[in-house]
Amino acid sequence: MHGVPFRYSYRNLFRRPVRTGLTVIGLSLLVALIVFLAAFGRSFARAIRIPGDPKTLIVLSKKAQSFEFSSIAPSELDIMAVSFDEELEMGPDGGSLLSSEVYHFLTVTLPEDPKQETRRAIVHGIDSDYAPLMLTGFRLREGNMPEESMFELIVGGAVAAKLKANPDWMGIGDKIRIREQNFRIVGIFDAPGTLYENWIISHPEDLKTVLGRRDYSFGRMRVADGVDMDALAKKINLDERFGVRVLRETDYFADFNAGFDHFRQFSTLLAVLLGVAGILAGMNTMHNAVVGRTREIGVLRVLGFGKRKVLLAFLVESLTLTGAAGIIGMAIGWVTNG
């Protein structure tokens, strides 16, 4: 005797529409959540990843652990640039390649926004000549770099999504208000695979004026070829003229990225646990479905269908059900994967 007809399995799905519908909905939501968590973990790790430049040293104030909490006097960076001129590469202005930068996590508003909602953004001050040299993967997509005293800025390609703002409000010529000062957007840049794409960049002197500060947040120095970076960092750290801490940029961002890896690992763990829970729930659901259909199985056996053929009929039914739920769940997860 041939196996149980496939149409028998398909028809059974519609004999109990409520149970079938609830099973599909439950499994779809579970799959969508797993897809979302997995995508979140991978996207998050990719979005915050900054590899750093192996030839660059970061200069922070002595006790600071990050850019945001660092503060260095301009005179210190100026003396440092002169004192270690031979160990550093030559900058675009003919002096040492040492960039004095400002870093803040600020509340900004968009004048084009009718609701005038406040938004939190990373605002970074770096000289226009130094940005392409110091920021890994930096590429100006369109427009031009901000000029000093013009209160201009450029925005990363992911800033609009980061701020949950209408992209039409953040094109060249639009404005972003920082404190009480409007800055005009003059360019858009890309830095694929790095956190820089979430940054708003202006000239450091303009940011210092608006923020009412005289110091810089930190410095970056590009070390010349053949110079021992670790020896140079140690030399500066032991120099009593400077109250700074110098470390490799790769080491700084390795520590930075490691702190966020916990979020990625947690999302992956949740996805795995949900997957296991879904498997167990599916097994329990199928078990209850089979137990409730013992008479039907008995009739099939009496009609001459063997155990394997009956099992195959139930597998076709369950795989059709879970396959549909999986497709729907992945579609929902894909929609939320921005």
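Keep in mind the model is a prediction, meaning the values are calculated, not measured.
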Tell me, with the steps shown, if Phe253 and Leu195 meet side chain to side chain contact (heavy atoms under 4.5 Å, CB included). CA-CA 11 Å; Phe253 284 119; Leu195 189 64; over 6 Å; no

Start with the C-alpha distance between Leu97 and Met134, add both sets of side-chain angles, then the distance that settles side chain to side chain contact (heavy atoms under 4.5 Å, CB included), and finish with yes or no. CA-CA 9 Å; Leu97 190 50; Met134 292 299 191; 3.7 Å; yes

Leu88 and Leu232: side chain to side chain contact (heavy atoms under 4.5 Å, CB included), yes or no, with the steps? CA-CA 10 Å; Leu88 303 181; Leu232 177 59; 4.2 Å; yes

Could you walk me through whether Phe84 and Leu98 satisfy the side chain to side chain contact (heavy atoms under 4.5 Å, CB included) test, starting with their C-alpha distance in whole Å, then the side-chain angles of each, then the deciding distance to 0.1 Å, before giving a yes or no? CA-CA 10 Å; Phe84 303 101; Leu98 194 157; over 6 Å; no

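Between Ile122 and Phe105 there is a side-chain heavy-atom pair separated by less than 4.5 Å. Between Ile126 and Ser99 there is a side-chain heavy-atom pair separated by less than 4.5 Å. Between Leu153 and Ile178 the shortest side-chain heavy-atom distance falls below 4.5 Å. Using a 4.5 Å heavy-atom threshold, the side chains of Tyr252 and Ser66 count as touching. The side-chain heavy atoms of Arg220 and Leu135, taken from C-beta on, include a pair separated by under 4.5 Å. Residues Leu247 and Leu60 meet the side-chain proximity criterion, which asks for heavy atoms closer than 4.5 Å. Two residues are said to be in side-chain contact when any heavy atoms from C-beta on lie closer than 4.5 Å; Asp239 and Met80 fail this criterion. A 4.5 Å side-chain heavy-atom check between Ile176 and Leu110 finds at least one atom pair inside the cut-off.
Here the straight-line distance linking atom OH of Tyr216 with atom CZ of Phe67 works out to 16.0 Å at 0.5 Å rounding. Residue Leu27 holds its CG atom at 6.5 Å from CG of Leu321, rounded to the nearest 0.5 Å. Between the CZ atom in Arg120 and the NZ atom in Lys162 there is a gap of 11.0 Å [rounded to 0.5 Å]. Taking OG1 from Thr250 and CE from Met229, the interatomic distance works out to 6.5 Å, rounded to the nearest 0.5 Å. Note that the OG atom of Ser202 and the CD1 atom of Ile185 stand 11.0 Å from one another [nearest 0.5 Å]. His203 NE2 to Met145 CE: the interatomic distance, rounded to the nearest 0.5 Å, is 9.5 Å.
Side chain of Thr194 to main chain of Tyr196: a donor-acceptor pair is present (N/O by atom type, distance under 3.5 Å, no hydrogens or angles). In this structure a side-chain-to-backbone donor-acceptor pair under 3.5 Å is missing from Glu142 to Ile188. Judged by distance alone, with hydrogens and angles left aside, the side-chain atoms of Asn198 form no donor-acceptor pair with the main-chain N or O of Val159 at under 3.5 Å. In terms of modelled atom types and a separation under 3.5 Å, the side chain of Ser128 and the main chain of Pro146 share a donor-acceptor contact. Formation of a donor-acceptor pair under 3.5 Å by the Tyr130 side chain with backbone atoms of Gly91 is not found in this model. Under the 3.5 Å distance criterion, the side-chain polar atoms of Lys208 are matched with a main-chain donor or acceptor of Arg214. In this structure, the side chain of Asp206 engages the main chain of Phe151 through a donor-acceptor pair within 3.5 Å. Judged by distance alone, the side chain of Asn166 and the main-chain N or O of Asp168 form a donor-acceptor pair under 3.5 Å. Remark: the backbone N or O of Ala191 is paired with a side-chain donor or acceptor of Glu197 at under 3.5 angstrom. Using modelled atom types, one side-chain atom of Arg119 and one backbone atom of Lys164 make a donor-acceptor pair closer than 3.5 Å.
No continuous path of hydrophobic side-chain contacts links Leu140 to Ile200 [ILVMFWY only; heavy atoms under 4.5 Å]. In the hydrophobic clustering of this structure, Val210 groups with Leu106; members are Ile, Leu, Val, Met, Phe, Trp, Tyr whose side-chain heavy atoms approach within less than 4.5 Å, directly or through other members. Criterion: ILVMFWY side-chain heavy atoms under 4.5 Å apart, direct or through other members. Under it, Ile79 and Ile72 are part of a common hydrophobic cluster. Two different hydrophobic clusters hold Ile201 and Leu211 under the rule that ILVMFWY side chains link at heavy-atom gaps under 4.5 Å. Taken together through direct or relayed side-chain contacts under 4.5 Å among Ile, Leu, Val, Met, Phe, Trp and Tyr, Ile58 and Met221 form parts of separate hydrophobic clusters.
Between Arg184 and Gly173, the shortest heavy-atom distance links the atoms CG-O, 3.9 Å. Taking all atoms of both residues into account, the shortest heavy-atom contact from Ser217 to Arg213 is OG-NH1, 3.3 Å. The shortest heavy-atom contact between Asp129 and Pro92 is CB-CG, 3.6 Å. The heavy-atom pair separating Ala81 from Ser96 by the smallest distance is O-OG, 2.7 Å. Across Ala121 and Val108, no two heavy atoms sit closer than the pair CB-CG2, 4.2 Å. Shown here for Lys55 and Asp225, the closest heavy-atom pair between the two residues is NZ-OD1, 2.7 Å.
Between the side chains of Asp53 and Thr136, no donor-acceptor pair of N or O atoms lies under 3.5 Å. In summary, the side chains of His124 and Glu101 do present a donor paired with an acceptor at a separation below 3.5 Å, with no hydrogens or angles considered. Side-chain N/O atoms of Thr109 and Arg177 include a donor and acceptor closer than 3.5 Å. Counted by atom type alone, Ser70 and Ser61 present one or more donor-acceptor pairs between their side chains at under 3.5 Å.
Within a 6.0 Å radius of CD in Gln116, other residues, nucleotides and ligands contribute more than 12 heavy atoms. Residue Lys62 places its NZ atom among more than 12 non-hydrogen atoms of other residues, nucleotides or ligands, all under 6.0 Å distant.
Phe138 has its ring centre less than 6.0 Å from the ring centre of Phe189.
Remark: of the listed residues Val227, Ile236, Leu57, Asp228, Val227 is the sole one forming a side-chain contact (heavy atoms from CB on, under 4.5 Å) with Glu87.
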